[in-house]
Amino acid sequence: MKIKFLNDLPLSLAYGGKEQQMIDYFNSLEKNGHDISMFDVNNLNEFDDLDILHLFGEGGLISDVIKFIKINNIKVKIIVSPSFYRRPYYFYKVLKVLEKFKIPTWYRYKKNIYEDSDSIIVNSEIEKEYLLKIFNINKNNIKVIYNKVDLNITNKKHLKDFEFKNFFLCVTHLNERKNILNLLAAQKLIFEKHNIKLILVGKNRFDKISNHQKFLKIIKNNSSVKYIPGLDKNINEDYNKLQYLFRNCMFHILPSHVESPGISSLEAISFSKKILVGDFSIVKEYFNDEASYCKFGIHEIYNAINLMLNENHFNDKKYSSELLNKISLKNLSFDLNKVYSE
């Protein structure tokens, strides 16, 4: 079986949970002996003898590639792993009405992606039900593969000039969806009471320039936050630093408005760290009662962090075998091969 992967954006422009998922899928399949490579959009011969084209994302490039395959009747199985963010249902009903009046919206190309794919891989049952409610998709074509991480972390390398004490951690892309500005406002109150720092790791990807500028202003000369602009886990030195931070933090926090469920929360679990996460349905599908939850306002986040600190919630946690099996990379190649072979 010949397999190729294609992401909707170059990794140099966008590197988040979807991109990390793609790399994990790729490595797992390659490790288990599959014929796999990245798809070159500039080479028409890429379709020669190709069995599976696995597309990541739901942007314009993905729509155009699927359209090209259908128009030219190319015999290849199309698998899509979308990065679908839930919006209120009425939002899509409005878009459907606009489409009826021939007013173009991005709903149309998303619809084409979902309805023209052979299989769609989503990260939760809730996401599956949501797509079925909005688009005309055969429910048998939607498969659920939970996001996964490596649970067998053994490296405990000592890092010179990279040591921190008494901190909790947030590793994520910095944008509106991740609720970073409210987290920083809550952290200011936490630092005043407990004198405990937040270490914030991630690249600045705010959609609004005003929020980007507000973030830079907040972290400038801010003694309550240690900001690290980004660590690439595919670079050995950065990976060692990330491991150190996860291993030595009190707990990990990710108060996002929308998540599925957040790769960094899964990584924190791999280090047996407790997690504080945004109160969102897909997140709860993953963690049930094995995580602490918070609403999204400044004082709600503050109260949740304060509770974690007051109740000594930063001791290592033993997670259930059910959760660990759900998020373990060990079965990923089998799960993917099952989808590809159907």
In a check of side chain to side chain contact (heavy atoms under 4.5 Å, CB included) between [X] and each of [options], which one passes?
X: I121; options: V80, D335, L336; result: L336
X: L200; options: L184, L169, I253; result: L184
X: I190; options: K193, Q187, E192; result: Q187
X: Y114; options: I134, I142, I137; result: I137

Reported [atom1]-to-[atom2] distance for the pair [X] and [Y], which is rounded to 0.5 angstrom:
X: K217; Y: H212; atom1: NZ; atom2: NE2; answer: 14.0 Å
X: I66; Y: I74; atom1: CD1; atom2: CD1; answer: 12.0 Å
X: I305; Y: M308; atom1: CD1; atom2: CE; answer: 9.0 Å
X: S81; Y: M22; atom1: OG; atom2: CE; answer: 10.5 Å

Take atom NZ in K111; do more than 12 heavy atoms of anything else shown fall under 6.0 Å from it? no
Any chance CD of E237 has more than 12 other-residue heavy atoms, nucleotides or ligands included, within less than 6.0 Å?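 No, the 6.0 Å shell around CD holds no more than 12 heavy atoms from other groups.
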Any ion pair linking K317 and E290 (charged N to carboxylate O, less than 4.0 Å)? no
Could D116 and K70 be called an ion pair, given the rule that one side-chain N must be under 4.0 Å from one carboxylate O?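 Salt bridge absent between D116 and K70.
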Considering non-hydrogen atoms only, spot the tightest contact between [X] and [Y] and give its length.
X: K77; Y: V339; result: NZ-O, 3.3 Å
X: N123; Y: I145; result: ND2-O, 3.3 Å
X: R177; Y: V258; result: NH1-O, 2.8 Å

Between the main-chain N or O of L151 and the side-chain N or O of K330, is there a donor-acceptor pair closer than 3.5 Å? no
Side chain of K273, backbone of R247: donor and acceptor closer than 3.5 Å?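 Flag set: sc K273 to bb R247 pair under 3.5 Å.
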State whether [Y] and [X] meet the cation-pi test: NZ (Lys) or CZ (Arg) under 6.0 Å from the six-membered ring centroid, and within 45° of the perpendicular axis.
X: K241; Y: F162; result: yes
X: K326; Y: Y146; result: yes
X: K226; Y: F164; result: no

Start with the C-alpha gap between F246 and H252, add the side-chain angles, then the distance that decides, and say whether ring pair (Phe, Tyr, Trp, His ring centres under 6.0 Å) holds. CA-CA 8 Å; F246 277 113; H252 186 270; 5.7 Å; yes
Would you check if the distance from the ring center of F39 to the ring center of F47 is below 6.0 Å? yes
So, for Y227 and F215, is the gap between ring centers shorter than 6.0 Å?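 When the ring centroids of Y227 and F215 are compared, they turn out to be within the sub-6.0 Å range.
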Just say parallel, tilted or perpendicular for the rings of H54 and Y340, cut-offs at 30° and 60°. perpendicular
